[in-house]
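Scroll down for the structure; my scribbles are underneath it.
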Amino acid sequence: MRQYLWLARSKPILLLLTAWCLSYAGDLAAFTAASVYAFRAGGAGLVAVLGLLKALPGAFLVPVVTSGSDRVRRERLLIATVVPRVLLLGVAAAAMTGSGQGVLVVVLAGLEGGLASAFRQVQAALLPWLARTPDELTSANTAASVLQSAAMVGGPVIAAGLLAVGTAQAAMLVACGLVAVAAALLTGVRPLSSGAPVQATGRLKQLRLDVAAGFDAGVRRRDAVALFVPAAAQTFARGVLSVLTVVIALELFDLGSAAVGWLTALLGVGGLLVGLLAVLLVRGKRVARSFAAGVAGWGVPMILLAFAHAPHWPYLTFVVIGVANVFDDVGVYSSLQQVIPPRLMGRALGVRRGVLLLSMGLGSAVTPLLIDAWGARGTLIATGLLVVVLAAAFLPRLTAIDGRISAPGPDLALLRQVSFFRPLPFAIVEHLTSELQSATYEPGDVIIREGEPGERFYIIAEGRAGASRDGEQLREMGAGESFGEIALLRRIPRTATVTAISRLEARTLAREEFLAAVTGNPESVERAEEVVSTRLQAG
């Protein structure tokens, strides 16, 4: 609960997560309306085409869109992806006015869905620039997943209600409105700091480099593989289920067309039921293993549903899948945000998502063939087994990941003791941790000398040091205290001499890294100036 209270005080995160909820609700409402419209126009085959068109354009668009997320302001990139979706949904709603427009509606809804897939990836790359600690970042991811569950309830329920009393066109128009509101909310999102821009070369060459770097960081590296393969199995199962949902509702259990929306909504109900529990469980040493449990939680209910015949079973199993989806979603993003370097986050998540969309599209595309060969129940069993087996196979490697990312290192805690580093987002502090260098001094060693140029910033890890000016003692410093910021911020020679009193262990940061971090955050600049003014006046 404390984590959620922290989120309530962060306006940028609230706006971002609310926009995500509305955006996803609109996408699901649109997909539900388009699925029913497509099934009536062309049966399960046209629904499979819708799923394929949702995946294939996304597999191309998401890596292209996110390739710029490490180079441009990510909140603006989100707006640039949401506005075209509003137009696509508006045109799709207009197309539903006439008859025989099934293919056109499927194409438009599929393109919108593919573009919508970029939101979660850019959001995940942006959140480390809004959160200050790993636990805050995990809490933001949990809140994002809970709101995703709320969207999974709200979007399909709205669509189901309108389908029950109205038309698919009305549901599509409401979906368009939800996405439009999300675009408006995004205009208020501002990151805590602006990262150093990545220099671009030629556009095509840069795109190739971005995709290659993203594939290496998000898919190919050892830790990334363990987080990718089970996810690919889960997205394949999602693609299968997107087609089977219609078959389950209209043929296998004869629940009626509105049940397509109700079943999809129950995925969100499951997530809402365990939202607070996920806050307690998906933290620290459990994030990667929570991901594995969530993936397996997709497979087991699908297997059970294959043996069920009572009409209440689809509703129950979809709730269980929704529960699993929260642990899957929170676990994988919390793991990836600590495994992938922040400077590669956008590209890595984008390329990873693009490949996963191909997996989801493959699941949608082969489902009619699997149904013809094994029947709907056999397809549920085979897909569920695939997911469970792969989650179990990678569990040892995921456990090892938990062991490596379970807690912040001592250097990160040391940086947080410096007042003007505390307001910085987690992404910046984690980067600074990787740039720190160690230095050891014996008693009497001069660490910095008055009048010399300033090139580095110092934090004392162990030991004590004394600062003096013109031979007069100014102060003593111990572990957790810092010095050297005046020459860097004011661009003047060192104003004091600092000498080791006892054996001293220090961490140092180069001028460029120090200035880029501090000057990119207004609150950090203010706190640093307070420190500088206090020390100059005291001397």
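Because only heavy atoms are used, hydrogens play no part in the values below, and waters and symmetry mates are left out as well, while side chains stay in.
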Any sub-3.5 Å donor-acceptor pair from [X]'s side-chain atoms to [Y]'s backbone N or O?
{"X": "Trp298", "Y": "Gly384", "answer": "no"}
{"X": "Ser23", "Y": "Trp20", "answer": "no"}
{"X": "Asp402", "Y": "Arg289", "answer": "yes"}
{"X": "Thr18", "Y": "Leu15", "answer": "no"}

Minimum-distance pair of heavy atoms, taken over all atoms of [X] and [Y]:
{"X": "Ser359", "Y": "Ala232", "value": "OG-O, 2.6 Å"}
{"X": "Ala376", "Y": "Ile371", "value": "N-CG2, 4.2 Å"}
{"X": "Ala93", "Y": "Gln169", "value": "O-NE2, 2.8 Å"}
{"X": "Ile248", "Y": "Leu263", "value": "CG2-CD1, 4.3 Å"}
{"X": "Met172", "Y": "Ala33", "value": "N-CB, 4.2 Å"}
{"X": "Phe119", "Y": "Ala19", "value": "CZ-C, 3.9 Å"}

Can you tell me how far [atom2] of [Y] sits from [atom1] of [X], rounded to the nearest 0.5 angstrom?
{"X": "Leu108", "Y": "Leu87", "atom1": "CG", "atom2": "CG", "result": "11.0 Å"}
{"X": "Gln148", "Y": "Cys21", "atom1": "CD", "atom2": "SG", "result": "9.5 Å"}
{"X": "Ser35", "Y": "Leu50", "atom1": "OG", "atom2": "CG", "result": "5.0 Å"}
{"X": "Thr235", "Y": "Leu356", "atom1": "OG1", "atom2": "CG", "result": "4.5 Å"}
{"X": "Thr383", "Y": "Leu370", "atom1": "OG1", "atom2": "CG", "result": "6.5 Å"}
{"X": "Leu395", "Y": "Phe291", "atom1": "CG", "atom2": "CZ", "result": "11.0 Å"}

_Criterion side-chain contact (heavy atoms from CB on, under 4.5 Å) on Leu17 and Gln123, from CA distance to verdict_ = CA-CA 9 Å; Leu17 297 185; Gln123 173 192 270; 4.0 Å; yes
*Charged N to carboxylate O under 4.0 angstrom, Arg120 versus Asp329?*
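Result for this pair is yes, salt bridge flagged.
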Is any side-chain heavy atom of [X] closer than 4.5 Å to a side-chain heavy atom of [Y]?
{"X": "Leu255", "Y": "Leu250", "answer": "no"}
{"X": "Phe318", "Y": "Leu241", "answer": "yes"}
{"X": "Ile321", "Y": "Met302", "answer": "yes"}
{"X": "Phe236", "Y": "Val387", "answer": "no"}
{"X": "Ile303", "Y": "Leu380", "answer": "no"}
{"X": "Leu186", "Y": "Glu75", "answer": "no"}
{"X": "Leu115", "Y": "Glu112", "answer": "no"}
{"X": "Arg352", "Y": "Val332", "answer": "yes"}

*Please lay out, stage by stage, how Leu252 and Arg377 fare under the test side-chain contact (heavy atoms from CB on, under 4.5 Å).*
CA-CA 9 Å; Leu252 204 59; Arg377 295 182 186 276; 4.0 Å; yes
_Go through it in stages, so that I can follow the logic: the residues are Leu227 and Arg397, the test is side-chain contact (heavy atoms from CB on, under 4.5 Å), and I'd like the CA-CA distance, side-chain angles, deciding distance and then a yes or no._
CA-CA 9 Å; Leu227 292 165; Arg397 289 173 66 175; over 6 Å; no
*Derivation and outcome, side-chain contact (heavy atoms from CB on, under 4.5 Å), residues Leu390 and Val295*: CA-CA 9 Å; Leu390 285 176; Val295 171; over 6 Å; no
*Ring centres of Trp262 and Tyr315 under 6.0 Å apart?*
no
